[in-house]
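If you're wondering where the values come from, they're calculated on a predicted model, not measured in any experiment. Quick note on labels: first sequence line is chain A, next is B, and so on, each numbered from 1.
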Amino acid sequence: MTFTLATWNINSVRLRAPLVCKLLSEEGPDVLCLQECKSPVDKIPTEEFAALGYTHMIARGQKGYNGVAILSKLPIEDIGAHDFAGLGHARHIAGRLENGVTIHNFYVPAGGDVADRAVNDKFGQKLDYLTDMRDWAKDGGLSKSILVGDLNIAPREDDVWSHKQLLKVVSHTPIEVAHLSDAMEAGDWHDVTRADIPEGQLYSWWSYRAKDWDAADKGRRLDHVWATGDIAASAHSSRVLRAARGWQQPSDHAPVFATFDL
DNA sequence: ATGGTTGAGGTTCAA
């Protein structure tokens, strides 16, 4: 069975419901994982998605901030959400498909502006969140699992427009990269996107603040698709739908796709 | 601890 999944930080699912519908109808992934829905679950426009065949949704939400959802053509069972680092935020949801594959959808804290937990609580919370992800993965004995989401870290030198200029910028600091790497190793997670696209600059986010995001191309790869070894061992392919960053009233993130031969 | 822009939900915070 071929299975296609996409992950997209939508930055308000209500404002951008038309863009979600555009993606679903033009690309037709089996599953779409959304982050930063910024909406209570009961205010997500599920009927619009159901009309396109996405009749299943599991989600966690809160008013104004955070929020994660999984839209699916296939039945998906809600298997719960973890409150990593005890923040009380809607940043994780997990679901299981009927073929036994588990999907974890994450929205890791952005971490504020200053990369020093002594003066910036948000940076400390981000590191704690990642440490908690590491311990959870280590204790979980994870298998047949896919982890996606806005992890708010661009780990590789070629995941950012300038490694040197971003070394002290939150999202690309060595301490964040080390924490992400620890979480990855603890869960036997494999970076599916970079296994499929090993060479060259690759981004999934471009700031709203650039005058011309496309021309400047000062992007970062903040959005990820990981899989446990059993799934990563089967055939897969990946792409970033960069064009979506140029759609009308866009999210600042582009969707990342992965297709698996399960 | 700049400036630039965006969204939600209220006159600011988070990203």
Enquirer: Between Lys63(A) (NZ) and dA14(B) (P), how many Å, whole number?
Expert: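 It works out to 15 Å between those atoms.
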Enquirer: From OH of Tyr65(A) over to P of dT6(B), roughly how many Å is that when rounded to an integer?
Expert: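 Rounding to the nearest Å, OH of Tyr65(A) and P of dT6(B) are 18 Å apart.
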Enquirer: Do you know the tightest heavy-atom contact between Lys126(A) and Val108(A)?
Expert: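 Of all heavy-atom pairs spanning Lys126(A) and Val108(A), the closest is CG-CG1, 4.3 Å.
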Enquirer: For dG4(B), is chi within 90° of 0 (syn) or not (anti)?
Expert: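 Here the answer is anti: the torsion falls beyond 90° from 0.
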Enquirer: What interatomic distance, in whole Å, is found between P of dA1(B) and the corresponding atom of dT11(B)?
Expert: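 Those two atoms are separated by 26 Å.
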Enquirer: Measure CG/Asn120(A) against C1'/dA1(B) and give the value in whole Å, please.
Expert: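 Asn120(A) atom CG is separated from dA1(B) atom C1' by 11 Å.
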Enquirer: Can you give me the closest heavy-atom contact between Asp182(A) and Arg134(A), atom names plus distance?
Expert: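 What the structure gives for the nearest pair is O-CG, 3.6 Å.
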Enquirer: Mind checking Lys122(A) for me? I need base, sugar-phosphate or nothing, with any heavy atom below 4.0 Å counting as a touch.
Expert: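 Contact class for Lys122(A): sugar-phosphate only.
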Enquirer: Closest approach to the side chain of Glu36(A), judged atom by atom: which nucleotide of dA15(B), dC13(B), dG9(B) is it?
Expert: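 Selected nucleotide (nearest to the side chain): dA15(B).
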Enquirer: It should be established whether Arg16(A) places a side-chain nitrogen or oxygen under 4.0 Å from OP1 or OP2 of nucleotide dG7(B).
Expert: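 For dG7(B), OP1 or OP2 has a side-chain N or O of Arg16(A) closer than 4.0 Å.
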Enquirer: What is the distance, to the nearest angstrom, from the CD atom on Gln35(A) to the P atom on dA15(B)?
Expert: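 Atom-to-atom, Gln35(A) to dA15(B), this comes out as 14 Å.
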Enquirer: Closest-nucleotide mapping onto DNA chain B: is Tyr208(A) or His89(A) further toward the 5' terminus? I mean the 5' end.
Expert: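 Closest to the 5' end, via its nearest nucleotide, is Tyr208(A).
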Enquirer: May I ask you to test the Asn152(A)-Tyr107(A) pair for a side-chain heavy-atom distance under 4.5 Å?
Expert: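 A side-chain contact under 4.5 Å exists here.
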Enquirer: Given the C1' atoms of dG9(B) and dA15(B), what is the spacing between them in whole Å?
Expert: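 My reading of the C1' atoms in dG9(B) and dA15(B) gives 16 Å.
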Enquirer: Has Thr7(A) got a side-chain atom pairing as donor or acceptor with Val256(A)'s backbone, closer than 3.5 angstrom?
Expert: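 Not confirmed, Thr7(A) side chain does not pair with Val256(A) backbone.
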Enquirer: Using the closest heavy atom to pick a nucleotide of DNA chain B for each, name whichever of Ala210(A) or Val119(A) lands nearer the 5' end.
Expert: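 Comparing both residues, the 5'-ward one is Val119(A).
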Enquirer: Tell me which one of Trp189(A), Phe84(A), Trp226(A) satisfies ring-ring contact (aromatic ring centres under 6.0 Å, His included) with Phe106(A).
Expert: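 Looking at Trp189(A), Phe84(A), Trp226(A), the match for Phe106(A) under the ring-ring contact (aromatic ring centres under 6.0 Å, His included) is Phe84(A).
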Enquirer: The side chain of Val114(A) lies closest to which of these nucleotides: dG7(B), dA1(B), dG9(B)?
Expert: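 Closest of the options to the side chain of Val114(A): dA1(B).
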Enquirer: Quick one: Gln249(A) CD to dA8(B) P, roughly how many Å, whole number?
Expert: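 Taking atom P of dA8(B) as the reference, CD of Gln249(A) is at 9 Å.
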Enquirer: Report the distance from atom CG of Asp121(A) to atom P of dC13(B), rounded to the nearest whole Å.
Expert: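 Nearest whole value for this atom pair: 15 Å.
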Enquirer: Rounding to a whole Å, what distance do you find between Asn66(A):CG and dA8(B):P?
Expert: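 Atom-to-atom, Asn66(A) to dA8(B), this comes out as 13 Å.
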Enquirer: Does the side chain of Arg91(A) get closer than 4.0 angstrom to OP1 or OP2 of dA15(B) through an N or O atom?
Expert: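 So the side chain of Arg91(A) is within the cut-off, an N or O lying under 4.0 Å from OP1 or OP2 of dA15(B).
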Enquirer: Ignoring hydrogens and angles, are the base of dA15(B) and the side chain of Arg209(A) linked by a donor-acceptor pair under 3.5 Å?
Expert: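 Such a pair is found, so the answer is yes.
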Enquirer: Round to a whole Å and report the spacing from NZ of Lys38(A) to C1' of dT12(B).
Expert: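 So the NZ-C1' distance, Lys38(A) to dT12(B), works out to 13 Å.
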Enquirer: Determine the interatomic distance between C1' on dG10(B) and the same-named atom on dT6(B); round to the nearest Å.
Expert: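 Going atom to atom, C1' in each nucleotide, I get 16 Å.
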